[in-house]
A.B. asks: 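Before we start, here is the structure in question, set down as structure tokens.
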Amino acid sequence: MNYAECDVAIVGAGPVGLTLALQLAQAGIDTIVLERNREIIREPRAVGIDGESIRTWQAIGLTDQVLPHIHFLLGGRYFNAAGTELFRFSYEGQEPCGYPMKQSFDQGEIDQVLARALIDDDQGRLWFGHEVIGYEQHASGVSIRVSDANDQPMTIAARCLVGCDGGRSTVRRLMGASLIGESNELPWLVLDTFDPYFQPEHNAMFFCDPARPGMTLRVTPEHRRWEWMLLPGERPEELLAESKIRELLSPFTDMNKVKIFRKRVYNFSAVIADKWRDGRVLIAGDAAHMTPPFAGQGLNAGIRDTRNLYWKIRLLLDGISGLEILDSYELERREHTRQLIDFAVQLGKKIQPLDEDKARERDEFFAELSADPEKKLAYIDDLAKSQSIRRIEAGVVVSPDKHPVNGRYVLQPRVPGNGQDGKLLDELLGDGFTLAGYGCNPRLALGAKTLALLDQLGARAVELAPGSDNDGVLDALFDGTTGTIALIRPDRFVLAAFTAETVAEAHEDIRRALLMPA
């Protein structure tokens, strides 16, 4: 029987699994990704990427490689059955994480970028044609039973196992977790076409027509996505017929110039797994939660999972924290994920009502928004909340009751640096823990004991000058209070904030939050 060892085994070579693997590998953790398919899936699936996901790829040094495959700013125009525009919005100028709030992207190409980067990393291995059959846990690791690329049995000894293997996750099933929630009442037809000729003003259009709700999105200069809801009693094969597809698309584009290269019928789900962890086995991405596509957050939520999880695994494997630190992963991610799912469901209800009275109420809602600039701005801000207004109040964080900065998410403005536009904040913070002093040198305020603790974490010390970013992001983060020192986690949440006078108390708070021995 074949045998291999690694620190972490990841099941699934989609963008979530590959992104997690790259973060672990770059932290020096020996990582194997097991993918049952024989190659990276090239067909388009997700089509919307947000700035926070790009920020994660920035942290692993792939910005230059992924940006060529990210294309158009996304906003939206909503039309009723008569073709009247109900509402429009744009994320123009909103870049809380240093990149546009929402853009279209070519997932197949980006998956290739991630896969090549992992193959090139000395700490990463990507094995195609390998399917997980089962696992057994013991005190210090997981023994994983695998069918290899030659259909031969194989055992992999890993210290942790993470399932990033999608909605039909094998790892989720093996760990005895179940998805809780419900499926969308009616499935949708999803079409991908090559159509460089249909180029309306906005890249995303939503057809809020009770006769058949739909939407379209320009993904790349030539690739366009169409989605149409099946009506009660319709069978998938009816909508997949070429004659029906031509009927749906002909009012919008010249079908003689369109090439359909993918067509599927999907039933969207709004579900969360009832548990995300079994000892040293965890799940992430669609294996842990699935959201309807109306808010474009399914893939992005999975990338957030990886950013939260990778450094906790690193602390565990490095012997800095105990196994219980993995409890904080679901604790910190579950509620935010649930909020995104609920928001997507509510957006879907705006788009897809078949009842004419409900559609009329929706039209009135959008008309009221459009007539009131303040309400419209508040609604758009709500769409952006997942990236700009976030806080962790429980988990690997010191209580906000001890300091108002604790648990806040650190946005990414541009700060002074080389070049006219300066540099993005993370280039200054680094990719691990950061000790940031607002208007002060943070190391000068610490004693030898606390410096030793932070050195164990590999924390970089930086001084952030008040007023150093044009948008006032850092001033807002620290409430303009100079002398504030913040320990920022690798995923950019503030673990603990304190002053020179409260260092001793903060030292113990940080140690307890990270489950470090006394």
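Just so it is clear, the model here is predicted, and its values are computed rather than measured.
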A.B. asks: How would you list, by chain and number, every residue that makes a ring-ring contact (aromatic ring centres under 6.0 Å, His included) with F261, sequence neighbours excluded?
C.D. replies: F194, H223

A.B. asks: Please walk me through it: do R443 and D455 pass salt bridge (Lys or Arg N to Asp or Glu O under 4.0 Å)?
C.D. replies: CA-CA 11 Å; R443 293 186 71 89; D455 287 343; 3.5 Å; yes

A.B. asks: Look only at the side chain of D426 and the backbone of A59, and say whether a donor-acceptor pair between them is shorter than 3.5 Å.
C.D. replies: no

A.B. asks: For the residue pair D50 / Y91, report whether a side-chain donor-acceptor contact shorter than 3.5 Å exists.
C.D. replies: no

A.B. asks: Backbone N or O of D401 within a donor-acceptor pair of the S399 side chain at under 3.5 Å?
C.D. replies: yes

A.B. asks: What I want to check is whether the side chains of Q152 and N150 have a donor and an acceptor closer together than 3.5 Å.
C.D. replies: no

A.B. asks: Given 3.5 Å as the limit, does a donor-acceptor pair link the side chain of R225 with the main chain of L217, or not?
C.D. replies: no

A.B. asks: Should V146 and W127 count as side-chain neighbours, where that means a heavy-atom distance under 4.5 Å?
C.D. replies: no

A.B. asks: Looking at E5, R125, R159, which hits side chain to side chain contact (heavy atoms under 4.5 Å, CB included) with D30?
C.D. replies: R125

A.B. asks: Does some side-chain heavy atom of I40 sit less than 4.5 Å from a side-chain heavy atom of F128?
C.D. replies: yes

A.B. asks: Can you confirm whether R304 sits close enough to T56 that some side-chain heavy atom of one is under 4.5 Å from a side-chain heavy atom of the other?
C.D. replies: no

A.B. asks: Applying salt bridge (Lys or Arg N to Asp or Glu O under 4.0 Å) to R45 and D111, what does each step give before you reach the verdict?
C.D. replies: CA-CA 11 Å; R45 286 154 290 156; D111 286 359; 2.9 Å; yes

A.B. asks: So, Q137 versus D278: side-chain donor-acceptor pair below 3.5 Å or not?
C.D. replies: yes

A.B. asks: Answer yes or no: is there a donor N or O on one side and an acceptor on the other, between the side chain of R460 and the main chain of L428, under 3.5 Å?
C.D. replies: yes

A.B. asks: Are the side chain of S104 and the backbone of F72 linked by a donor-acceptor contact shorter than 3.5 Å?
C.D. replies: yes

A.B. asks: How far apart are the C-alpha atoms of E508 and R511, what are their side-chain angles, what is the distance that settles it, and do they pass the salt bridge (Lys or Arg N to Asp or Glu O under 4.0 Å) test?
C.D. replies: CA-CA 5 Å; E508 290 305 308; R511 183 189 61 76; 3.0 Å; yes

A.B. asks: Using a 4.5 Å cut-off on heavy atoms from C-beta on, say whether the side chain of L487 contacts that of L454.
C.D. replies: yes

A.B. asks: If you count every heavy atom of other residues, nucleotides or ligands that lies below 6.0 Å from D122 atom CG, does the total exceed 12?
C.D. replies: no

A.B. asks: Less than 4.5 Å apart, side chain to side chain, heavy atoms only: is that true for D342 and Q346?
C.D. replies: no

A.B. asks: Does any N or O in the side chain of Y329 come within less than 3.5 Å of the main-chain N or O of I283, such that one atom is a donor and the other an acceptor?
C.D. replies: yes

A.B. asks: Look only at the side chain of T450 and the backbone of G447, and say whether a donor-acceptor pair between them is shorter than 3.5 Å.
C.D. replies: no

A.B. asks: Closer than 3.5 angstrom, by distance alone: can the side chain of R391 be matched with the main-chain N or O of N406 as a donor-acceptor pair?
C.D. replies: yes

A.B. asks: Is it the case that atom CZ in R36 sees more than 12 heavy atoms from other parts of the structure closer than 6.0 Å?
C.D. replies: no

A.B. asks: Any side chain to side chain donor-acceptor pair (under 3.5 Å) pairs touching residues 282-292, not counting sequence neighbours?
C.D. replies: H289-D305

A.B. asks: Please check: side-chain N/O of E427 versus main-chain N/O of L424, any donor-acceptor pairing under 3.5 Å?
C.D. replies: yes

A.B. asks: List the residues meeting side-chain contact (heavy atoms from CB on, under 4.5 Å) with A177, not counting sequence neighbours, and say none if there are none.
C.D. replies: R172, M175, D274, K275

A.B. asks: How about I110 and I70: do any of their side-chain heavy atoms sit closer than 4.5 Å?
C.D. replies: yes

A.B. asks: Is it the case that atom CD in E43 sees more than 12 heavy atoms from other parts of the structure closer than 6.0 Å?
C.D. replies: yes

A.B. asks: To the nearest 0.5 angstrom, please state how far the CE atom of M229 sits from the CD atom of Q352.
C.D. replies: 5.5 Å

A.B. asks: Distance-only, no hydrogens or angles: does the R307 side chain make a donor-acceptor pair with backbone N or O of P490 under 3.5 Å?
C.D. replies: yes

